[in-house]
Asker: 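One structure, as structure tokens, below. Some questions next.
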Protein chains: 2
Amino acid sequence: MIENIEYDALLERFKRVLRDNGLKYTKQREVLLQTLYNNSEHFTPEQLYLYIKERHPGLNVGIATVYRSLNLLEESGMVTSISFGVQGKKFELANKPHHDHMICRQCGVIVEFEDQIIEKRQLAIAKEHGFKLTGHIMQLYGVCGECNKQKIKGI
Amino acid sequence: MIENIEYDALLERFKRVLRDNGLKYTKQREVLLQTLYNNSEHFTPEQLYLYIKERHPGLNVGIATVYRSLNLLEESGMVTSISFGVQGKKFELANKPHHDHMICRQCGVIVEFEDQIIEKRQLAIAKEHGFKLTGHIMQLYGVCGECNKQKIKGI
DNA sequence: GTCAGTGCAAAAGTTTTGCATACAG
DNA sequence: CTGTATGCAAAACTTTTGCACTGAC
């Protein structure tokens, strides 16, 4: 096992949240967190379930546990969910370094980016409205260079 | 019926999209568009269905038509959907003036806002990546002033 | 008149729940 | 040991589809 201070800190935080709420630390929950940590993709509960089953054949997981854990993690603020267009709700770790998404409507390619100017404005805006920001998702929709040539009839 | 140039333009655009795609203009579709236009709220398909049934008792609508129409409108780019927290996917008109959403994780309240600095940066970023922007969704997640007092144990 | 649109009900898909067992604390 | 977590299967909920009929063009 490769040492990873960042992940260790995340795990500690996870354990603390569990402890603080009288919940238990189980292998299933750790694997879930680990999977979200190791993959920058956004998972639907279904995908996460299949992924874990495949990568951890020894571990018995049920889809119900995945749902229960995701809801738990989301409630505690460690995980966030968003939805991209038609596909269902997707989950990702909440405390990844700030990043945003640019999505091609045509081919679905996702480009991640980060912009300090926007980050700062977001904080300021939240403050103006009395919100305590816990996270954000910015999704820019458009057509990527590749797809620009084959545009369908739209608006 | 009160005159409303903005709505008329929207309706025209709608009719054109329908025509261009060989689709038909029906009362159900118009009522749907009208409802989205008249209400700044974000509707789930279910909510929209109930709302229309209530406000247009004469018009027979099925939930299936609501789903079909929303998907159609979304595909054509006239309507967008977002999802936040536990509640399902919600729809709104796509061409409202640019605005973004700040969502309370706790109570689900949505505050709309708009910020020119961010709008401009978005355009610039898209350009940098070769994207032609067609829209965007920015969702700031947090805890609103009201809910801040009753915060559950989280991170 | 033709063919897309509709409501309804059934089907498919998604998420939650009940329960008996397993296992963390 | 106690009580939470789990897997499984059933239940609840959400979304889509098939079909016969309606209505826009």
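Every chain is numbered from 1, with letters handed out A, B, ... down the list of sequences.
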Asker: Round to the nearest Å and state the distance from A:Leu50 atom CG to C:dT14 atom P.
Answerer: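 Value for this atom pair: 11 Å.
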Asker: Nearest whole angstrom, please: distance from the C1' of C:dT16 to the OH of A:Tyr49.
Answerer: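 Result: 15 Å.
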Asker: Are A:Ile117 and A:Met102 linked, directly or through intermediate hydrophobic residues, by side-chain heavy-atom contacts shorter than 4.5 Å (ILVMFWY only)?
Answerer: no
Asker: Do any N or O atoms of the protein come closer than 3.5 Å to N or O atoms of nucleotides 23-25 of chain D, and which pairs are they?
Answerer:
unit_1, atom_1, unit_2, atom_2, d
D:dG23, N2, B:Lys24, NZ, 3.1
D:dA24, O3', B:Tyr25, O, 3.4
D:dA24, N3, B:Lys24, NZ, 3.3
D:dC25, OP1, B:Tyr25, N, 3.2

Asker: Scan side-chain atoms only and decide if A:Glu114 and A:Gln116 contain a donor-acceptor pair under the 3.5 Å cut-off.
Answerer: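 A:Gln116 and A:Glu114 do have a side-chain donor-acceptor pair below 3.5 Å.
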Asker: More 5' along DNA chain D: A:Arg29 or B:Ala64, using each one's nearest nucleotide?
Answerer: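 Its nearest nucleotide lies further toward 5', so the answer is A:Arg29.
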Asker: Specify the residues of residues 54-62 of chain B, ordered by number, for which at least one heavy atom lies under 4.0 angstrom from an atom of DNA chain C.
Answerer: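 Those residues are B:Asn60, B:Val61, B:Gly62.
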Asker: What is the ring orientation for B:Tyr51 with B:Phe43, classed by angle as parallel under 30°, tilted 30 to 60°, or perpendicular over 60°?
Answerer: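 The arrangement is perpendicular - the two ring planes meet at more than 60°.
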Asker: In the single-linkage hydrophobic clustering (I, L, V, M, F, W, Y; side-chain heavy atoms under 4.5 Å), do B:Tyr25 and B:Val61 co-cluster?
Answerer: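 B:Tyr25 clusters together with B:Val61.
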Asker: Distance check, rounded to the nearest 0.5 Å: B:Asp20 atom CG versus B:Arg13 atom CZ?
Answerer: 12.0 Å
Asker: So, do B:Leu18 and B:Leu72 sit near enough that their side-chain heavy atoms are less than 4.5 Å apart?
Answerer: yes
Asker: Establish, with yes or no, whether the OP1 or OP2 oxygen of C:dT15 is under 4.0 angstrom from a side-chain nitrogen or oxygen of A:Asn71.
Answerer: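 Negative; the distance criterion is not met.
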Asker: Please report, rounded to the nearest Å, how far the P atom of D:dC19 is from the CZ atom of B:Arg68.
Answerer: 13 Å
Asker: Taking all non-hydrogen atoms of both residues, which atom of B:Val66 and which atom of B:Pro45 are closest, and how far apart?
Answerer: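 Taking B:Val66 first and B:Pro45 second, the nearest heavy atoms are CG1-O, 3.6 Å.
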Asker: At their closest point, which heavy atom of A:Tyr49 faces which heavy atom of A:Ile63, and how far apart are they?
Answerer: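 Minimum heavy-atom separation between A:Tyr49 and A:Ile63: CE1-N, 3.3 Å.
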Asker: Measure CZ/B:Phe14 against C1'/C:dG5 and give the value in whole Å, please.
Answerer: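 The answer, rounded to whole Å, is 12 Å.
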Asker: Between A:Leu48 (CG) and C:dT14 (C1'), how many Å, whole number?
Answerer: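 For the pair A:Leu48 CG and C:dT14 C1', the rounded distance is 15 Å.
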Asker: Return the orientation label for the B:Tyr37 and B:Tyr7 ring planes: parallel under 30°, perpendicular over 60°, tilted otherwise.
Answerer: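 Rings of B:Tyr37 and B:Tyr7: tilted, as their planes differ by 30° to 60°.
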Asker: Within the 4.0 Å heavy-atom criterion, would you say A:Glu46 contacts the bases, only the backbone, or no part of the nucleic acid?
Answerer: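 Nothing: the residue A:Glu46, judged by heavy atoms under 4.0 Å, touches no strand.
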Asker: Within this structure, what is the CD-to-P distance between B:Gln28 and D:dT22, rounded to whole angstrom?
Answerer: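 So the CD-P distance, B:Gln28 to D:dT22, works out to 14 Å.
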Asker: What is the separation between atom CD on B:Glu74 and atom P on D:dT15, rounded to the nearest whole Å?
Answerer: 12 Å
Asker: Whole angstroms only, please: what is the CD1-P distance between A:Ile63 and D:dC13?
Answerer: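 The answer, rounded to whole Å, is 19 Å.
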Asker: Where each residue is assigned the nucleotide of DNA chain D containing its nearest heavy atom, which of B:Tyr67 and A:Leu72 is assigned the position nearer the 5′ end?
Answerer: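 Its nucleotide being nearer the 5' end, the pick is A:Leu72.
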